[in-house]
Asker: 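Submitted below is the structure of interest, expressed as structure tokens.
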Amino acid sequence: MENKSYNFEETIKHFMFEGEFIEAVPYGCGHINDTFAAYFKKSFTSTHRYILQRINHNVFKNPEKLMENIEGVTSHLRNKIKDAGGDPFRETLNLIPVKEGKSYYRDISGNYWRAYIFIENAKTYQTVESKEHFYNTGIAFGNFQKLLADYPAQTLYETIPDFHNTKKRYSAFEEALQKDVKNRSKYVKSEIEFVQKRACETSALVDLQSKGMLPLRVTHNDTKLNNVMIDDKTGKAVCVIDLDTVMPGLSLYDYGDAIRFGTNTGAEDEKDLTKVSFDLELFEGFTKGFLESTRGFLTELEREYLPFSAKLMTLECGIRFLTDYLNGDTYFKIQREEHNLDRCRTQFRMVMEMEEKFDEMKKIVINFR
Ligand code: ADP
Ligand code: GN1
Ligand code: MG
């Protein structure tokens, strides 16, 4: 996390937190928002914590509308969870109200803050621990779509328009390449060629959607492994978090992006590409969970495109990292020079392996019919 100093004392005064504020420490490893664990003292012996987040308003241009989405979606999920006899304080995010009556606080510097109940006795993972772990993640993301299937999608604000429009992501890459503001294109000739060779594939899903062949659903759109909290005791998924990009989208975006991140045997930013490979066993685990929890509503064409979506979402993410590298690292947080380039290279390695194993991926999906 960037070394920014915030006036936490002032910010926390506006939320209906319980107890006496102790400190806020950076938490998690997202690339966009700033997340903190805020600790409070209730008595001499007990402390508790909340999640406190600064919304990145360079990325999310309208935080007020974004928060309306989150309020609507979490309250819908809460009702469904209650009806099913689940725990509404643990199985979905719960916003802490702000004293002025809103769900967020805007500080004098223009930063937007929100807070959530901290889901304890559960955690997120940066890499998959076992096939079972990824199977449970598949269930969680499939279930998330199922619970939101009757949500009025037209009321959702598009927090980042065309977020998974891979065709437009490709155009943004071409524009960055043409401008080449940092004069970096000369260092990435093979990566550029890699993307250009696959240009014609980038429009496949958006074209099917615009022809009405793939249905728009309420989707999460950022289905990284670390956006699912796993219960420490049971190993089962407790809660899908990070709801900033919940928007109308394709089911395939959620499936594909989860496969992109979770089936990588290395880290997303691994420099040593010999550690990066596409794990077909894990692919099978997630696919099983996702197909089990979406049974009954996924269409035949959606199922058919699952393997392709995994490859496309991986290519898209690599294109985004490469674009940001060419633009001078203005979007994703970086911790080192060439961080975006390292990330881009892992994605392209994964794309290559998925291309090699494409027939096996297809067989696995067909097996779960
Ligand atoms: P980002 O957009 O930066 O990825 P997230 O909303 O995913 O931010 O939060 C970052 C990390 O904080 C998560 O990976 C998770 O470990 C933790 N986290 C987020 N919300 C909660 C919560 N309500 N309870 C416990 N941990 C949380
Ligand atoms: C960002 O915020 P985080 O780290 O969960 C990005 C995703 C990318 C991901 C790559 C709003 O997700 O789209 O897939 O990085 N989120 C946004 O790691 O752009
Ligand atoms: Mg996250």
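When a ligand or atom number is given, it counts from 1 through the structure's own listing order. The shown structure was predicted, so the numbers you read here are calculated from the model rather than taken from an experiment. We number each residue from 1, following the sequence as shown. Quick note: numbers below take in every heavy atom, side chains included, and nothing from hydrogens, waters or symmetry partners.
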Asker: Under 4.0 Å from a heavy atom of Asn227: which atoms of ligand 2 are those, numbered in the order shown and with their elements?
Answerer: 5 (O)
Asker: Under 4.0 Å from any heavy atom of Phe163, which atoms of ligand 2 are there?
Answerer: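 Contacts of ligand 2 toward Phe163, numbered from 1: 11 (C), 13 (O), 17 (C), 19 (O).
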Asker: Where on Arg320 is there a heavy atom closer than 4.0 Å to ligand 2, on the side chain, on the backbone, on both, or on neither?
Answerer: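 Arg320 to ligand 2: side-chain contact only, backbone stays beyond 4.0 Å.
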Asker: In plain terms, say whether Lys333 and Asp34 are close enough for a salt bridge, that is, a side-chain N and a carboxylate O under 4.0 Å apart.
Answerer: yes
Asker: Measure Asp242 to ligand 1 on non-hydrogen atoms and call it side chain, backbone, both or neither using the 4.0 Å cut-off.
Answerer: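 It is both parts that get close, each with some atom under 4.0 Å.
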Asker: I'd like to know whether the aromatic ring centres of Phe141 and His220 sit less than 6.0 Å apart in this structure.
Answerer: yes
Asker: With heavy atoms of Leu93 as the reference, note each atom of ligand 1 found under 4.0 Å away.
Answerer: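 In order of number, 23 (N).
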Asker: So does Lys167 have more than 12 non-hydrogen atoms from other groups sitting under 6.0 Å from NZ?
Answerer: no
Asker: At less than 2.8 Å, would any N/O/S atom of Asn33, backbone or side chain, sit next to the Mg ion (ligand 3)?
Answerer: no
Asker: What atoms in ligand 2 come closer than 4.0 Å to a heavy atom of Arg260?
Answerer: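 Counting from 1, the qualifying ligand atoms are 10 (C), 14 (O), 18 (O).
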Asker: Which of the atoms of ligand 2 are close to Ile32, meaning less than 4.0 Å from one of its heavy atoms?
Answerer: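 Close to Ile32: 1 (C), 2 (O), 11 (C), 16 (N), 17 (C), 19 (O).
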Asker: Within ligand 2, which atoms have a heavy atom of Gly30 less than 4.0 Å away?
Answerer: 4 (O)
Asker: Is any NZ, NE, NH1 or NH2 atom of the basic residue among Arg260 and Asp257 found under 4.0 Å from an Asp or Glu carboxylate oxygen of the other?
Answerer: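 Yes.
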Asker: Note the single closest protein heavy atom to atom 10 (C) of ligand 2, along with its residue, its atom name and the distance in Å.
Answerer: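 The answer is Glu268 OE2, 3.3 Å.
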Asker: In terms of atom number and element, which parts of ligand 2 are under 4.0 angstrom from non-hydrogen atoms of Asp242?
Answerer: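 This gives 5 (O) as the contact atoms.
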Asker: Salt bridge between Lys363 and Glu360, side-chain N to carboxylate O under 4.0 Å?
Answerer: no
Asker: Is it the case that the side chains of Asp107 and Asn7 hold a donor-acceptor pair, with the cut-off being a distance below 3.5 Å and no angle test?
Answerer: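 Short answer, no.
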Asker: Assign the ring pair Phe286 / Phe290 to parallel, tilted or perpendicular, where the plane angle (0 to 90°) is split at 30° and 60°.
Answerer: parallel
Asker: Do Glu193 and Lys189 sit within salt-bridge range, that is, some charged N less than 4.0 Å from a carboxylate O?
Answerer: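 Salt bridge flag = no for Lys189 with Glu193.
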Asker: If the cut-off is 4.0 Å to any non-hydrogen atom of Tyr331, which atoms of ligand 2 fall inside it?
Answerer: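 In order of number, 11 (C), 17 (C), 19 (O).
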Asker: Counting from 1, what ligand 2 atoms have a heavy atom of Phe60 closer than 4.0 Å?
Answerer: 11 (C)
Asker: So, taking the atom named CG in Leu214 and the one named CG in Leu250, what distance separates them when rounded to the nearest 0.5 Å?
Answerer: 5.5 Å
Asker: Among protein heavy atoms, which lies nearest atom 20 (N) of ligand 1, and at what distance?
Answerer: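 The closest heavy atom on the protein side is Ile51 CG1, 3.8 Å.
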Asker: Measure from the Mg ion (ligand 3) to every N/O/S atom of Asp242 and report the name of the nearest one.
Answerer: OD2
Asker: Give me the nearest non-hydrogen protein atom to atom 11 (C) of ligand 1 as residue plus atom name, then the distance to 0.1 Å.
Answerer: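 Scanning the protein heavy atoms, the shortest distance from atom 11 (C) of ligand 1 goes to Gly28 CA, 3.9 Å.
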Asker: Tell me which protein heavy atom sits closest to atom 12 (O) of ligand 2, plus the residue, atom name and distance to 0.1 Å.
Answerer: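 Going by distance alone, atom 12 (O) of ligand 2 is nearest to Asp222 OD2, 3.2 Å.
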Asker: Counting non-hydrogen protein atoms only, what is the nearest one to atom 8 (O) of ligand 1? Give residue, atom name and distance.
Answerer: Gln53 NE2, 3.2 Å
Asker: Identify the protein heavy atom lying closest to atom 9 (C) of ligand 2, giving its residue, its atom name and the separation to 0.1 Å.
Answerer: Lys224 NZ, 3.7 Å
Asker: Can you tell whether the side chains of Lys186 and Asp180 come within less than 4.0 Å, N to carboxylate O?
Answerer: no
Asker: Relative to the heavy atoms of Gly30, which atoms of ligand 1 are at a distance of less than 4.0 Å?
Answerer: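 Once the distances to Gly30 are compared, the set is 1 (P), 3 (O), 4 (O).
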Asker: Would one find more than 12 heavy atoms of other residues, nucleotides or ligands at under 6.0 Å from atom NZ of Lys99?
Answerer: yes
Asker: Heavy atoms only, cut-off 4.0 Å: how does Phe261 contact ligand 2, side chain, backbone, both, or neither?
Answerer: neither
Asker: Around atom 15 (O) of ligand 2, find the nearest protein heavy atom and jot down its residue, atom name and distance.
Answerer: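 Checked against all protein heavy atoms, atom 15 (O) of ligand 2 sits closest to His31 CD2, 3.3 Å.
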Asker: Is any NZ, NE, NH1 or NH2 atom of the basic residue among Arg295 and Glu292 found under 4.0 Å from an Asp or Glu carboxylate oxygen of the other?
Answerer: no
Asker: Give the atoms of ligand 1, by number and element, whose distance to some non-hydrogen atom of Ile117 is under 4.0 Å.
Answerer: 22 (C), 23 (N), 24 (N)
Asker: For ligand 1, which atoms have a heavy atom of Thr124 less than 4.0 angstrom away?
Answerer: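 Those atoms are 14 (O), 15 (C), 16 (O).
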Asker: Using heavy atoms and a threshold below 4.0 Å, how should the contact between Asn227 and ligand 1 be classified: side chain, backbone, both, or neither?
Answerer: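 The side chain, only.
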Asker: Please state which part of Phe321 comes within less than 4.0 Å of ligand 2, counting heavy atoms only: side chain, backbone, both or neither.
Answerer: side chain
Asker: Tell me whether Ile119 has any N or O atom under 3.5 angstrom from an N or O of ligand 1.
Answerer: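 Yes; the residue has a nitrogen or oxygen that sits under 3.5 Å from a nitrogen or oxygen of the ligand.
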Asker: Starting from atom 10 (C) of ligand 1, find the nearest protein heavy-atom neighbour and note its residue, name and distance.
Answerer: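 Looking at atom 10 (C) of ligand 1, the protein heavy atom closest to it is Thr35 OG1, 3.7 Å.
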Asker: Considering only non-hydrogen protein atoms, determine which one is nearest to atom 14 (O) of ligand 1 and report residue, atom name and distance to 0.1 Å.
Answerer: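 It is Asn226 O, 3.1 Å.
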Asker: Heavy atom under 4.0 Å from ligand 1: found in Met229's side chain, backbone, both, or neither?
Answerer: side chain
Asker: For atom CZ of Phe297, decide whether the heavy atoms of other residues, nucleotides or ligands shown that lie under 6.0 angstrom number more than 12.
Answerer: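 Yes - once you tally the heavy atoms of other residues, nucleotides and ligands closer than 6.0 Å, there are more than 12.
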Asker: Within a radius of less than 6.0 Å around CD of Glu100, do more than 12 heavy atoms belonging to other residues, nucleotides or ligands occur?
Answerer: yes
Asker: Could you check atom 19 (C) of ligand 1 against the protein and tell me its nearest heavy-atom contact, residue, atom and distance included?
Answerer: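 Protein heavy atom with the smallest distance to atom 19 (C) of ligand 1: Ile241 CD1, 3.6 Å.
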Asker: Using a 6.0 Å cut-off, check whether atom CZ of Phe368 has over 12 heavy atoms from anything other than its own residue.
Answerer: yes
Asker: Using a strict threshold of under 4.0 Å (side-chain N to carboxylate O), is an ion pair present between Arg349 and Glu270?
Answerer: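 Here Glu270 does not pair with Arg349 in a salt bridge, since their nearest N and O are not under 4.0 Å apart.
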Asker: Do Asp342 and Arg336 meet the salt-bridge criterion of a basic N to acidic O distance under 4.0 Å?
Answerer: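 Counted as a salt bridge, because a side-chain N and a carboxylate O are separated by less than 4.0 Å.
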Asker: Taking the side chain as everything from C-beta on, heavy atoms only, tell me whether Met247 gets closer than 4.5 Å to Thr159.
Answerer: yes
Asker: By number and element, which atoms of ligand 1 are closer than 4.0 Å to a non-hydrogen atom of Tyr27?
Answerer: 12 (O), 16 (O), 17 (C)
